[in-house]
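Okay, structure first, notes after.
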Amino acid sequence: MSANAPVRVNVVLKMHNQSELKQIAEQVRTRARSPLTDNDLAARYLPSHVDAMRVYNFLHANGFNQIYLSKDNMIVTAWGTAANVQSAFKTQLYSLRRDKQAGVANADPVSIPAALSDVIGAVHGLRSFQERGVSGAKVAATTQGNVTWKGKGAPGTQSTTGVVACRECVHAPTDFPALYGASQLAPANAQVVAVIGVGDQRNTNYLYQTWASNYGYGFIPLDVSYPTGYTPGDYEAQTEAVLDVDAVATMSGGLQKIAFYSAPSTNLDDELAAVTAAINDNRSTISLSYAATCDSDIGQDLRNSWDQELWAAVAKGITVFAITQDRGGYPGCSNNQSATGFPGSSPYVVSVGASTLYNTADSYSTYDHETLWPWSESGPAATEPRPYYQDGVANIAGSRRSTPDFVMDGDPNSGLWIVTGGYNSSGTYQTTWAVYGGTSLAAPLLAGTYARLLQSGIPPYFWQQTFYDIGAGQVNHTSGDCLTCYNLLTGGSNGAYSVTPGQFNRASGWGSWNAGALATGMQFQR
């Protein structure tokens with residue numbers, strides 16, 4: 001790279017007493033203790049502001065500017081050049097391109113100054129060629145005239161005898177809460193859901209309002225922030241943003257607000273900084289629709305940086321919903337094996353895959369069954385051992401963390417109408433209606449549903465153990481447990497794993513949520 005080529009780094013500081021915090025996170029998610037407060041974290045586990053300023057001053061002295069400190073002092077983000085990287089960390093950067101994939105890679109190991117070795121845990125942003133997230137949004141290929149398409153605001157083509165035009169249907173947002181049992185619960189009017197996005201979001205509010213007004217939805221306030229800056233005019237991720245916001249609004253039925261945290265790029269370290277900001281603001285529900293498609297290609301230092309921030313999230317009672325990705329069972333990873341996405345492979349998130357949703361023959365809003373969407377990624381994590389909450393399905397999961405935990409609709413042919421926008425060659429902003437699916441639809445659908453569970457009185461803990469206990473009770477028909485909490489998938493395959501109907505499996509986890517029944521089941525578990 002030329003000396004003046006722009007580079008952004010995220011310097012992650014070391015957390016104190018890591019093993020103890022990890023243990024506390026486990027206790028919180030098993031309901032053995034109450035979540036930690038911000039003061040608890042700062043007093044014993046987080047780096048100090050003095051340490052963060054030491055890093056800040058070092059970066060500034062080496063030519064970096066636009067330097068941001070996360071509220072928890074865990075991440076220092078700085079914008080600079082390749083020459084600044086060479087000066088600070090003694091490594092040369094190269095630009096790489098393969099087909100449509102482009103990024104940077106450092107030729108030499110990162111050298112952390114001895115004076116800061118007690119503070120700095122890792123330096124990220126220097127391997128973006130490998131460690132880049134990808135949107136999990138997929139547009140429907142069907143043309144608007146096809147009978148499987150529903151009108152943007154209409155209930156669909158339905159005869160006087162009650163017969164619908166399709167079973168695998170594109171859906172209006174008014175369908176989804178009923179299909180997944182969420183309409184049995186009150187709207188999540190007192191909740192805040194955080195959505196993680198990328199780039200310039202100045203048009204997102206307008207697109208969301210256009211969509212909401214078409215369906216007569218009450219507009220949920222959308223609060224957009226840029227925790228580590230952004231590049232004006234970078235609208236590459238605009239469609240992902242409106243899909244996430246629309247899906248969260250669809251399932252929640254109403255929120256206090258949607259808190260949108262926009263990262264400057266899809267690089268996983270930039271995504272981590274945005275997730276960290278949401279965690280620091282104590283957002284109990286976080287939806288993340290970007291992931292590296294190959295968990296096995298992620299460096300251990302980046303895994304560690306994500307893990308320690310996610311420990312803090314779980315210890316605070318915060319739940320992150322993260323996608324597995326959209327390239328099927330064999331996504332072309334370096335080891336040529338089946339793979340899942342990162343950070344959806346982390347045991348400290350709820351890992352979300354995608355299904356194909358079928359309504360009944362007499363109603364677009366009545367659930368019939370689901371199969372696996374063939375492009376939904378799944379399988380064992382590359383390095384994470386099987387977490388204790390999967391011990392009850394160890395004979396299926398194996399020795400490593402199995403993903404996904406759940407699926408929701410993600411097939412574009414049964415997807416969601418949204419409004420997208422863009423500038424034409426004359427600079428005029430134009431909007432259009434389109435249908436999108438992918439795991440990027442599934443994760444915010446689940447996050448919006450979870451907000452309704454919280455509204456119903458479920459405490460905002462990381463409920464993974466309860467999720468698995470309920471699933472085991474349903475499959476084993478244990479007396480007293482919920483027997484209809486999950487919609488266990490009826491079939492389907494992604495090429496590497498196939499659905500075994502009626503049980504937990506590597507292809508689809510526990511299936512999707514029947515939210516009304518699940519709320520009752522979770523209350524029973526308390």
Side-chain angles (χ1 to χ4, degrees), residues 99-101 132-144 146 148-150 152 166 168-173 175-176 195-199 207 211 235-248 250-251 266 287-294 321-332 339-342 344 351-358 370-378 403-404 406-422 432-447 489 492-496 507-508 512:
D99 299 324
K100 295 181 179 180
Q101 184 179 1
R132 174 166 293 166
V134 179
S135 163
K138 295 291 181 290
V139 67
T142 316
T143 59
Q144 189 167 344
N146 192 292
T148 61
W149 281 58
K150 294 180 63 178
K152 295 185 287 292
C166 58
E168 181 188 351
C169 307
V170 169
H171 288 100
D175 294 333
F176 277 105
V195 172
I196 308 301
V198 175
L207 295 171
W211 174 87
Y235 300 115
E236 179 183 1
Q238 182 71 82
T239 297
E240 175 65 66
V242 294
L243 175 62
D244 291 347
V245 170
D246 292 354
V248 164
T250 291
M251 290 303 288
T266 64
S287 178
L288 176 61
S289 289
Y290 291 89
T293 195
C294 292
F321 295 88
I323 65 171
T324 59
Q325 260 302 345
D326 289 1
R327 293 181 61 184
Y330 294 98
T340 188
F342 180 87
S351 181
V352 187
S355 65
T356 298
L357 174 64
Y358 294 86
E370 281 170 278
T371 59
L372 185 71
W373 183 48
W375 295 105
S376 178
E377 291 186 24
S378 62
T403 66
F406 299 100
V407 296
M408 293 289 267
D409 183 43
D411 187 334
N413 291 321
S414 57
L416 176 68
W417 276 106
I418 65 171
V419 180
T420 64
T432 185
W433 285 87
V435 175
Y436 272 83
T439 49
S440 280
L441 172 60
L445 285 178
L446 206 60
L489 269 57
S493 172
N494 62 10
S508 60
S512 66

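Note that the coordinates shown come from a computational prediction; the quantities given were computed from them, not determined experimentally. Start at 1 with the first residue, then count along the sequence.
Listed for the Gln325 side chain is a donor-acceptor partner under 3.5 Å among the backbone atoms of Ala291. With Glu168 contributing its side chain and Ser414 its backbone, the two residues share no donor-acceptor pair below 3.5 Å. A donor-acceptor contact shorter than 3.5 Å is absent between the side chain of Thr324 and the backbone of Ser378.
For the pair Leu441 and Leu243, the minimum side-chain heavy-atom distance is below 4.5 Å. By the 4.5 Å heavy-atom criterion applied to side chains, Asp246 and Leu207 are not counted as neighbours. Between Trp375 and Thr439, the closest side-chain pair of non-hydrogen atoms is not below 4.5 Å. With a 4.5 Å cut-off on side-chain heavy atoms, Ser289 and Pro444 count as touching. Using a 4.5 Å heavy-atom cutoff, the side chains of Thr420 and Tyr436 are in contact. Taking the side chain as every heavy atom from C-beta outward, Val134 and Thr293 never approach each other to under 4.5 Å. Side-chain contact between Val198 and Tyr290 is present, with heavy atoms from C-beta onward closer than 4.5 Å.
How far CG of Asn413 is from CG of Leu357: 12.0 Å, rounded to the nearest 0.5 Å. The CG atom of Leu372 sits 8.0 Å away from atom OG of Ser355, with the distance rounded to the nearest 0.5 Å.
For Thr250, the side-chain hydrogen bond (donor to acceptor under 3.5 Å, both in side chains) test picks out no residue, with sequence neighbours left out. The ring pair (Phe, Tyr, Trp, His ring centres under 6.0 Å) check on Phe321 picks up Tyr450, with sequence neighbours excluded. Residues that satisfy the side-chain hydrogen bond (donor to acceptor under 3.5 Å, both in side chains) test with Ser287, not counting sequence neighbours, are absent from this structure.
The heavy-atom pair separating His171 from Phe176 by the smallest distance is CB-CE1, 3.6 Å. Considering all non-hydrogen atoms of both residues, Leu446 and Met408 come closest at CD1-CG, 3.5 Å. In this structure, Tyr330 and Gly495 approach most closely via the heavy-atom pair CE1-O, 3.5 Å. Closest heavy-atom contact between Thr371 and Leu489: C-CD2, 3.5 Å. Of all non-hydrogen atoms in Glu370 and Asp409, the two that sit nearest each other are OE2-N, 4.1 Å.
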| task | Start with the C-alpha distance between Trp373 and Asp326, add both sets of side-chain angles, then the distance that settles side chain to side chain contact (heavy atoms under 4.5 Å, CB included), and finish with yes or no. | result | CA-CA 9 Å; Trp373 183 48; Asp326 289 1; 3.7 Å; yes

| request: Quick one: do Val242 and Trp211 satisfy side chain to side chain contact (heavy atoms under 4.5 Å, CB included)? Show the steps, please. | output: CA-CA 9 Å; Val242 294; Trp211 174 87; over 6 Å; no

| Verdict with supporting geometry, Glu240 and Ser440, side-chain hydrogen bond (donor to acceptor under 3.5 Å, both in side chains) | CA-CA 7 Å; Glu240 175 65 66; Ser440 280; 2.7 Å; yes

| side-chain hydrogen bond (donor to acceptor under 3.5 Å, both in side chains) between Asn494 and Ser376, intermediate numbers included | CA-CA 6 Å; Asn494 62 10; Ser376 178; 5.7 Å; no

